[in-house]
Amino acid sequence: MTETTKTGNKNWRPATTLVHGGTMRSPFGETSETIYLTQGFTYSGAEAAEARFNGEDPGYVYSRYANPTVTMFEDRIKALEGAEAARATASGMAAVNLALMAAVRAGDHVIAAKALFGSCRYICETLLPRFGVESTLVDGTDIEQWKAAVRPNTKALFLESPTNPTLEVIDIEAVAQIAKEAGARLIVDNVFATPLYQSPFQLGADVVVYSATKHIDGQGRCLGGVILSDEEWINDEVMPFIKHTGPHMSPFSAWVLLKGLETLPLRVARQTETAGRIADYLASQSKVARLIYPGRDDHPQADVAKRQMSGGSTMLAMEIEGGKEAAFRFTNALEIVKISNNLGDAKSLITHPATTTHQSIGEEARAELGITDGILRLSIGLEDPQDLLEDIEKALQAI
Ligand SMILES: *Cc1c(COP(=O)(O)O)cnc(C)c1O
């Protein structure tokens with residue numbers, strides 16, 4: 001009983017791919033994917049082991065290298081994204097770190113947009129320079145700054161769009177053009193847009209990374225990440241790194257995340273619809289000085305958002321009148337919306353970036369990024385939209 005059947009079809013639309021893509025059925029014909037909770041694999045004889053190790057037989061060797069449940073997750077998201085290859089990692093940060101490490105050598109240079117998830121910023125600003133890789137942080141929305149930062153040794157450009165937490169939208173196509181001319185690789189962290197609303201490869205990106213912890217799980221259970229790119233780079237640069245340093249995804253997490261992919265379009269569509277409704281409500285409130293939502297015409301980069309995103313966002317940011325004190329009062333008055341630094345969850349979550357996720361970057365860096373003491377980031381969940389609106393309305397009154 002060693003035969004498995006593999007499912008997949010290039011002509012499927014996204015929702016079908018997300019339910020069936022990459023499934024490997026064992027001879028038992030199970031409906032739901034199997035969790036291959038095993039460290040290693042056995043061989044029918046010494047010759048079979050030899051063939052497995054010298055690559056003549058492409059089967060599995062050890063779960064640090066690859067595992068069938070993890071392969072199913074990789075194949076499913078690879079099919080959705082239209083990428084040649086994908087490798088799953090233990091967390092989103094493992095994927096970001098791996099993508100950057102695989103793209104550079106000591107003596108190289110990296111350019112990144114300033115508005116980054118805190119740990120992504122740490123890798124670019126602090127970690128890479130320790131290993132002899134220089135980095136320049138630019139205002140990602142200013143294309144001239146990207147151009148001006150290019151050096152002969154620039155090997156990677158890195159950005160997120162929309163950004164965390166202020167939801168700036170960066171013109172991916174324009175940055176991809178600069179990367180191409182520089183002979184550098186453009187790495188896009190596509191977490192906030194989700195694979196459903198933005199396809200960085202179609203805009204010219206070379207590498208796409210996700211924290212699967214967010215919308216892909218979507219129910220607050222497992223950490224995970226994935227890195228997608230062309231087959232040659234994944235095989236030559238990413239695979240050896242995973243094999244020898246061990247940031248692989250566990251089979252159990254891969255199984256949870258596979259199940260997450262099945263319902264991803266339903267969840268993201270519903271969360272985006274609700275987020276749009278709440279954004280419109282908040283924009284009309286006098287206690288809200290500024291409302292930032294990529295799906296609205298008053299977003300500072302609304303034209304870029306319309307061009308490169310097919311949907312708004314499940315996230316919104318707002319500046320409350322009255323600074324930290326008012327922001328805390330609003331946050332504490334919420335009943336349904338929970339206080340948490342996570343996002344993309346079934347549960348609506350609120351964060352005060354200045355005192356949590358962006359506390360450690362310091363006041364100056366926060367000011368540069370527009371993260372004032374009144375800024376709050378909201379991740380919209382799957383609750384009834386009317387209940388959420390009433391919760392938010394009540395909390396605004398409590399300010
Ligand atoms: C959460 C997040 C990460 C890190 O992912 P983890 O799974 O928490 O390691 C990276 N980039 C962005 C944009 C994120 O939101």
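Whatever order the structure lists them in is the order used to number ligands and atoms, beginning at 1.
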Run through all N or O atoms in ligand 1 and write down each protein N or O closer than 3.5 Å, as a pair with its distance.
from	atom 1	to	atom 2	distance (Å)
ligand 1	5 (O)	S211	OG	3.0
ligand 1	7 (O)	G92	N	2.8
ligand 1	7 (O)	S211	OG	2.8
ligand 1	7 (O)	T213	OG1	2.5
ligand 1	9 (O)	G92	N	3.1
ligand 1	9 (O)	M93	N	2.8
ligand 1	11 (N)	D189	OD2	2.6
ligand 1	15 (O)	K214	NZ	2.7

Is any side-chain N of the basic residue among [X] and [Y] closer than 4.0 Å to the acidic one's carboxylate O?
{"X": "E144", "Y": "K147", "answer": "yes"}
{"X": "R267", "Y": "D217", "answer": "no"}
{"X": "K78", "Y": "E84", "answer": "no"}
{"X": "K155", "Y": "D108", "answer": "yes"}
{"X": "E33", "Y": "R76", "answer": "yes"}

Pair listing, ring pair (Phe, Tyr, Trp, His ring centres under 6.0 Å) test, anchored in residues 342-393, at least two apart: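 Only F328-H352 qualify under ring pair (Phe, Tyr, Trp, His ring centres under 6.0 Å).
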